[in-house]
Amino acid sequence: MKKILALTMAMALSLTLFAGCGSKAPASSAAASGSGAANGEKTEPLKIALILPGAKDDVSFNQAMYEGMTEIEAEYGDAVEVSYVENVYDVADITPTVIDFAEEGYDLVFGHGFQFMEPIMELADQYPETVFLTGTGYLTSDNAGYYNTHLASGGYVMGVIAATISETGKIGVIGGSNVAEIYQGHEGFKAGAKSVNPDIAIEEVYTGDFNDTPLAKTTADGMYDAGVDVIWHSGDGIGLGVVQSAKEKGKYCLTNAADQSSLAPESVVSGVVYDWKLAIREAIEDVKSGTFATGEKAYWCTVENGGINIAPYLEGAMTEEQTATVNKVVEDIRSGALEIPEYK
């Protein structure tokens, strides 16, 4: 009886140990297949963070990205988990915010602005399991890249419109900081305007701050008072100042990043509209498939691929012939018949 009891207990212990080993194997395998955002296939929900330098409802740069991300979030459903943070503008706030998301194990962090690039490049190698993307940046590393717009093309179309509708032969362009894509947009604007009128006078001002709405309004007021009758703005909060000035002065303006016609229905003639979904989707797919580390690490929104669009025209601002001319320019850019250079 003692031998039978001992044998029975041994068999029970063996079965228990066998069952315990069998239950751990799948869990370990699943964990391995779901880790490593930059280097391994992602099977569990992708954790994404979007850090905005301004407000998500600014009718400009931030809102365009926020709306693009929310549409992507709806498209992917349970395959992604997205967190949003607004008004993280200064580097002193950017660094700890980026660190917080990386420490929490987020797979993909979007810093939506040029000012995010340096902090991200300094932190990226400390968090190799997280992929970081800078909006309108240009630097990359193994787990950091950027997404951007070919604003030269959009600016070119805005220049064509401005020169086409100007009655004084004087137009203006107002930007925030003189950074890569804004500079290229301004150069495209000037080239587009001169393609219509080689002798057109163009006033250009960089305010030095994308969020200084009052300064942008004062700058636009001065331009309009000096005879400029059309202004294109190229960035963020400053755009609200330009649009407000146009509204008060009874002048025309062209906008950037989002359709701002609702802010001044009788003054906003058209504008550049960003559709960030293409860039967001491509980045997500690269991270999910584990191919980000071996890819180009740059995602572009252009007129050609539909990432940059032109807002509807203000009725009555252009004749049918002028509208057809502008539309032809857009079609030629999209088809490749008209190539807009990358201005350095």
Side-chain angles (χ1 to χ4, degrees), residues 48-73 82-91 93-95 97-98 101-102 106-124 130-141 143-155 175-185 209-211 233-239 256-258 272-284 286-287 292 295-302 305 307-309 342:
I48 302 171
L50 172 58
I51 310 172
L52 298 171
K56 65 182 181 182
D57 58 354
D58 66 352
V59 198
S60 189
F61 184 71
N62 294 279
Q63 184 168 332
M65 182 62 176
Y66 174 75
E67 290 180 349
M69 184 64 79
T70 56
E71 289 180 36
I72 287 291
E73 185 179 11
V82 186
S83 295
Y84 302 85
V85 180
E86 303 173 69
N87 298 308
V88 182
Y89 186 80
D90 297 322
V91 173
D93 298 319
I94 289 171
T95 297
T97 304
V98 172
F101 282 118
Y106 275 72
D107 302 293
L108 179 56
V109 176
F110 289 84
H112 190 56
F114 184 82
Q115 64 267 51
F116 285 82
M117 185 172 67
E118 291 297 338
I120 280 177
M121 295 308 298
E122 291 176 3
L123 293 168
T130 299
V131 168
F132 302 92
L133 292 176
T134 301
T136 68
Y138 61 84
L139 295 177
T140 67
S141 69
N143 63 318
Y146 62 89
Y147 56 100
N148 208 336
T149 64
H150 187 195
L151 193 54
S153 296
S177 299
N178 186 359
V179 294
E181 88 285 358
I182 302 300
Y183 168 80
Q184 291 171 10
D209 188 323
F210 288 111
N211 282 346
H233 75 73
S234 58
D236 221 347
I238 63 167
N256 190 48
V272 176
V273 178
Y274 300 163
D275 185 349
W276 293 110
K277 292 194 297 295
L278 178 69
I280 298 170
R281 188 182 296 110
E282 288 183 354
I284 287 175
D286 283 349
V287 173
F292 178 86
E296 292 296 324
K297 305 184 185 68
Y299 306 93
W300 287 94
C301 290
T302 69
N305 66 20
I308 288 181
N309 296 294
E342 286 286 352

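Remember, it's a predicted structure, so these values are computed and weren't measured experimentally.
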How many angstroms lie between CH2 in Trp300 and CD1 in Ile308, if you round to the nearest 0.5 Å?
9.5 Å

Between Thr136 and Val179, is a side chain to side chain contact (heavy atoms under 4.5 Å, CB included) present by the stated rule, with each step listed?
CA-CA 9 Å; Thr136 68; Val179 294; 5.9 Å; no

Should Asp107 and Phe292 be marked as a side chain to side chain contact (heavy atoms under 4.5 Å, CB included) after you check the CA-CA gap, both sets of side-chain angles, and the distance that decides it?
CA-CA 12 Å; Asp107 302 293; Phe292 178 86; over 6 Å; no

Value for OG (Ser83) from CD1 (Ile51), rounded to nearest 0.5 Å, stands at 10.0 Å

Can you list every pair that meets salt bridge (charged side-chain N to carboxylate O under 4.0 Å, His left out) and has a residue in residues 48-61, with sequence neighbours left out?
none

Which pair of non-hydrogen atoms, one from Val273 and one from Ala258, has the smallest distance, and what is that distance?
CG2-C, 4.1 Å

Distance alone, cut at 3.5 Å: any donor-acceptor contact between the side chains of Gln184 and His150?
no

Val88 and Val85: which non-hydrogen atoms are nearest, and at how many Å?
CG2-CG1, 3.5 Å

State, yes or no, whether a side-chain contact exists between Leu123 and Phe132 at a heavy-atom distance under 4.5 Å.
no

Is there a side chain to side chain contact (heavy atoms under 4.5 Å, CB included) between Ile280 and Phe110? Walk through the geometry before answering.
CA-CA 9 Å; Ile280 298 170; Phe110 289 84; 4.2 Å; yes

Identify the two heavy atoms, one from Tyr299 and one from Ala279, that lie closest to each other, and give their separation to 0.1 Å.
CB-CB, 3.8 Å

Distance from Leu151 atom CG to Glu342 atom CD, nearest 0.5 Å?
10.0 Å

Let me confirm one number: the OG1-OH distance from Thr130 to Tyr106, rounded to the nearest 0.5 Å.
11.0 Å

Check: Phe210 and Ile182 side chains under 4.5 Å, non-hydrogen atoms:
yes

State whether the number of non-hydrogen atoms from other residues, nucleotides or ligands found under 6.0 Å of Glu296 atom CD is greater than 12.
no

Verify the ring-centre separation between Phe61 and His112: is it less than 6.0 angstrom?
yes

Got Tyr147 and Cys301 here, is their nearest side-chain heavy-atom distance under 4.5 Å?
no

Locate the shortest heavy-atom distance separating Ala144 from Ile120; write the atom from each residue and the value.
CB-CG2, 4.2 Å

Has Asp236 got a side-chain atom pairing as donor or acceptor with Ile238's backbone, closer than 3.5 angstrom?
no

Separation of Leu50 CG from Met65 CE (nearest 0.5 Å):
5.0 Å

Start with the C-alpha gap between Tyr84 and Thr70, add the side-chain angles, then the distance that decides, and say whether side chain to side chain contact (heavy atoms under 4.5 Å, CB included) holds.
CA-CA 10 Å; Tyr84 302 85; Thr70 56; 3.5 Å; yes

Reported CE-to-OG1 distance for the pair Met117 and Thr140, which is rounded to 0.5 angstrom
10.5 Å

Heavy-atom pair of closest approach, residues Lys277 and Ile72:
O-CD1, 3.9 Å

With a 4.5 Å limit on heavy-atom distance, are the side chains of Phe116 and Pro53 in contact?
yes

Closest non-hydrogen atom pair between Ala55 and Asn62, with its separation
O-CB, 3.0 Å

With a 4.5 Å heavy-atom cut-off, do Glu118 and Val91 have their side chains touching?
no

Taking the side chain as every heavy atom from C-beta outward, state whether Gln115 and Tyr89 have any pair of such atoms under 4.5 Å apart.
yes

Answer whether the closest heavy-atom distance between the side chains of Leu108 and Ile284 falls below 4.5 Å.
yes

